[in-house]
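Here's the structure, in structure tokens; my notes come after.
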Amino acid sequence: MFITFEGIEGSGKSTAARILAEYMQERGMDLLLTKEPGGCPLGRGLRHTLLDARAHAVCSRAELFLFLADRAQHVAEVIRPALESGQCVLCDRYVDSTLAYQGYGRGLDTEFLRRLNETATGGLSPDLTLLLDVPVPCGIMRAGQRNKEAGTTVSEGRFDSESRAFHERVQKGYRVLAQEEPERFAVIDASQPVEDVSLQCLSAVEKILRLRGEDL
Ligand code: TYD
């Protein structure tokens, strides 16, 4: 089973993914927790280029192809082999991040992006996508807090320093994507405390497992 986590900055998806992974592992599930960008050695180099806003001025199209290169290698080297060996894969960001950020956020054509995603992944689509939905001001505040605790300033990440309007477009995009594919997406109210968010994620996973005739 392939599960992805999506959401704006500060939505808490990385924490939710970690908690869910721990829970599923305790239940004896063989799983891999990974992320984009940076889930494989090539991607870790690309991640540095992509996310360090001071490193390079990268135009939207170059940025897009760096994310896609990361994804193509990550799928080939990490995700597909894990799924083929029977592991459950939890991935923090995947194809919907490109649609939300480069499509709705940067204004690139979403149909074109879908085709590129298809090429990069060889058509590998998640079984379940957990969208951690949080109001933009709350996400920005949490991301700022996280950066402060990590000793960086809010403006150091390429996307953290984008305008509020950019994040509003990304969030709206995610909601449209979830409406377009309600059977794949579960929308999680991520403004709740972390325990509640994790429980909502867990019940979405249990639901899909039941549908597949499996159990946790
Ligand atoms: P990261 O530090 O992993 O942030 P987060 O904890 O919010 O996931 O940075 C990933 C950033 O890259 C995030 O701002 C979203 C952006 N991104 C894209 O714009 N397009 C993509 O396809 C992916 C995978 C990420």
Side-chain angles (χ1 to χ4, degrees), residues 1-37 39-40 70-72 74-101 103-104 110 113-114 117-118 120-134 139 170-216:
M1 186 165 60
F2 182 25
I3 302 173
T4 57
F5 292 77
E6 296 285 354
I8 60 167
E9 330 291 310
S11 59
K13 60 190 169 43
S14 309
T15 308
R18 207 182 53 242
I19 294 175
L20 187 66
E22 280 166 13
Y23 183 84
M24 291 169 80
Q25 272 164 336
E26 276 167 20
R27 294 289 166 109
M29 204 165 220
D30 184 10
L31 70 78
L32 174 80
L33 175 60
T34 184
K35 69 169 178 182
E36 290 188 2
C40 60
D70 168 70
R71 180 160 307 131
H74 188 213
V75 168
E77 195 176 323
V78 177
I79 300 179
R80 213 179 268 283
L83 291 171
E84 280 167 3
S85 78
Q87 282 188 303
C88 173
V89 175
L90 303 191
C91 188
D92 186 349
R93 296 199 182 281
Y94 190 59
V95 288
D96 300 298
S97 283
T98 302
L99 296 172
Y101 281 78
Y104 290 91
T110 50
L113 295 179
R114 281 182 201 280
N117 267 334
E118 179 88 14
T121 63
L124 181 67
S125 177
D127 299 297
L128 173 67
T129 297
L130 297 163
L131 171 57
L132 275 75
D133 192 56
V134 76
V170 172
Q171 191 203 39
K172 191 166 147 260
Y174 271 131
R175 288 179 177 168
V176 171
L177 295 172
Q179 275 164 9
E180 283 173 354
E181 280 186 83
E183 62 299 332
R184 172 164 71 89
F185 274 89
V187 182
I188 308 293
D189 177 2
S191 60
Q192 302 295 312
V194 68
E195 300 77 35
D196 296 354
V197 172
S198 308
L199 283 176
Q200 289 181 66
C201 293
L202 182 61
S203 74
V205 172
E206 285 173 336
K207 188 170 153 203
I208 193 164
L209 283 172
R210 269 199 306 278
L211 285 174
R212 294 159 63 109
E214 297 169 32
D215 233 339
L216 247 189

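Numbers for residues simply follow the sequence, beginning at 1. All values derive from a computational prediction rather than experimental measurement.
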Can you confirm whether [X] sits close enough to [Y] that some side-chain heavy atom of one is under 4.5 Å from a side-chain heavy atom of the other?
X	Y	result
F5	S97	no
L199	Q192	no
E214	M1	no
N117	R114	no
D133	R175	yes
T129	E181	no
E36	I79	yes

Can any side-chain N or O of [X] pair as donor or acceptor with the backbone N or O of [Y] at less than 3.5 Å?
X	Y	value
Q200	D189	yes
R93	G7	yes
R18	L33	no

Atom pair [atom1]/[atom2] of [X] and [Y] - distance to nearest 0.5 Å:
X	Y	atom1	atom2	answer
E206	M24	CD	CE	9.5 Å
E22	L31	CD	CG	10.0 Å
K172	L177	NZ	CG	11.0 Å
Q25	L20	CD	CG	10.0 Å
Q87	S85	CD	OG	4.5 Å
M29	L209	CE	CG	5.0 Å

Which atom names give the shortest non-hydrogen contact between [X] and [Y], and what distance separates them?
X	Y	answer
A186	L128	CB-CD1, 4.2 Å
I3	C88	CD1-SG, 4.3 Å
D70	C40	O-SG, 4.4 Å
A82	L32	CB-CD2, 3.9 Å
S14	D92	OG-OD2, 2.6 Å
Y104	V176	OH-CG1, 3.5 Å

Notebook entry, point to check: Of all residues at least two apart in sequence or in a different chain, which pass the ring-ring contact (aromatic ring centres under 6.0 Å, His included) check with F2?
Noted result: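 Expected list: Y94.
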Check: Only one of I188, L132, D96, L130 clears side chain to side chain contact (heavy atoms under 4.5 Å, CB included) with E6; which?
Finding: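 Among I188, L132, D96, L130, the one meeting side chain to side chain contact (heavy atoms under 4.5 Å, CB included) with E6 is D96.
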